[in-house]
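To start, the structure under review is shown below, and the notes come after it.
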Amino acid sequence: MQQRGDTLRVETDRSLAEPARTAVADTVARMFALDLDLAPFYTMLADDPRLSWARSGAGRLLASPSVFEDLVKTLCSTNCAFSATQRMVAALVALGGGAFPTPKIVLDAGLSYLTDTVRMGYRARSLYELATSIHDGAFTTDALRAAVGAREEEVTARIGSLRGFGPYSVAHAMQLLGFHRPLILDSWTRPTYARILGKKARSDAAIRRDFKPYGAYAGLAFWLTLTEDWVAKRALA
DNA sequence: CGTCCAGGTCTAC
DNA sequence: GGTAGACCTGGACGC
């Protein structure tokens, strides 16, 4: 994939016929949240001293090809160093033969594969239960997207009911599903935000208060505040 | 070598 | 409703 001006080009290693062609285009569009209209958010930022820079097009969080993949990656980011997250995800991709495994592939591999080979520790049970729920139809993933009209309250409850998904994981997953209100509060975002403010620490309640004015975009505003320097570096590159 | 803990969550009080 | 303790793993760190 590469950007050329205001278009995104997708190249595949072999030519695709319909309906695969459309499927790839749809998937990529979802990954980049191309259907997301951020105009209301940008309007909100017009005179914002800290975030007006974002109006030039920031705020589209890169998602995975599937909701399942986003949920699993989120699960793999809990209570461990980022290097461990990368290692677990790489091991899952190996299971998938170079692509992220489907729920069925995970189930066929079995719980012991997840603990002994992927070395996911106690997270293995959460992944196994998620794969089971999706595979048997108890949990439908695509209906969770904001873009298809899902309701925020309901999606929050659905994801929160999954084993291994607490406040952090739910907020993280919600952002990727197109719900930008919840704040991702974890051991990286908390101290990073405090540092930006020039403080030693700031309570979760205070952080929520700080971003309350952004309403439905509070979580996105929080994330952009934390990652402004990432964007600046890329723009210079 | 042992301890601590990282982009948390669950359970049992 | 709020809060210790346990939980897999593997780097980082102190000794």
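The sequence lines fix the lettering, A, B, ..., with proteins before strands; numbering per chain opens at 1.
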Donor-acceptor pair between [X] and [Y] side chains, under 3.5 angstrom:
| X | Y | value |
| --- | --- | --- |
| A:Ser64 | A:Lys73 | yes |
| A:Tyr168 | A:Ser77 | yes |
| A:Asp48 | A:Tyr214 | yes |

Exercise for review: Give me the first and last nucleotide of DNA chain C, going 5' to 3', that has any atom under 4.0 Å from a heavy atom of chain A.
Suggested key: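 The contacted stretch runs from C:dC7 to C:dG10.
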**Study point:** Secondary-structure string, 5' to 3', Watson-Crick or G-U under 3.5 Å, | for another-strand partners, for DNA chain B
**Key:** ||||||.||||||
Shorter than 3.5 Å, N or O on both sides, protein versus nucleotides 4-8 of chain B: list them out with atom names.
{"residue": "B:dA6", "atom": "N3", "partner": "A:Ala81", "partner atom": "N", "Å": "3.4"}
{"residue": "B:dG7", "atom": "N2", "partner": "A:His172", "partner atom": "NE2", "Å": "3.4"}
{"residue": "B:dG8", "atom": "OP1", "partner": "A:Ser187", "partner atom": "N", "Å": "3.2"}
{"residue": "B:dG8", "atom": "OP1", "partner": "A:Ser187", "partner atom": "OG", "Å": "2.9"}
{"residue": "B:dG8", "atom": "O5'", "partner": "A:Asn79", "partner atom": "N", "Å": "3.2"}
{"residue": "B:dG8", "atom": "O4'", "partner": "A:Asn79", "partner atom": "N", "Å": "3.3"}
{"residue": "B:dG8", "atom": "N1", "partner": "A:Asn79", "partner atom": "ND2", "Å": "3.2"}
{"residue": "B:dG8", "atom": "N2", "partner": "A:Tyr122", "partner atom": "OH", "Å": "3.1"}

Review point. Can A:Arg30 and A:Asp35 be counted as an ion pair, charged N to O under 4.0 angstrom?
Key: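 Looking at A:Arg30 and A:Asp35, the cut-off is not met.
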Study note, to complete from the structure: Atom CG of A:Leu75 and atom C1' of B:dC10 are separated, to the nearest Å, by 13 Å
**Study point:** Within one Ile-Leu-Val-Met-Phe-Trp-Tyr cluster: A:Leu61 and A:Val89, side-chain cutoff 4.5 Å
**Key:** no
For atom [atom1], what is the distance between [N] and [M], given to the nearest Å?
| N | M | atom1 | result |
| --- | --- | --- | --- |
| C:dG1 | B:dC10 | C1' | 16 Å |
| C:dC8 | B:dC4 | C1' | 15 Å |
| C:dG2 | B:dG7 | P | 27 Å |

Check your understanding: Roughly how far, to the nearest 0.5 Å, is the CG atom of A:Leu75 from the CZ atom of A:Phe165?
Key ->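 CG of A:Leu75 is found 5.0 Å from CZ of A:Phe165.
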Exercise for review: State the OG1-CG distance between A:Thr141 and A:Leu144, to the nearest 0.5 angstrom.
Suggested key: 6.5 Å
Check your understanding: Has A:Glu18 got more than 12 heavy atoms of other residues, nucleotides or ligands less than 6.0 Å from its CD?
Key ->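 Atom CD in A:Glu18 is crowded, with more than 12 foreign heavy atoms closer than 6.0 Å.
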Point to revise | Ring geometry between A:His180 and A:Tyr217 (parallel below 30°, tilted from 30 to 60°, perpendicular above 60°) | key: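 Aromatic pair A:Tyr217/A:His180 classed parallel.
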Check your understanding: So, for A:Phe211 and A:Tyr193, is the gap between ring centers shorter than 6.0 Å?
Key -> yes
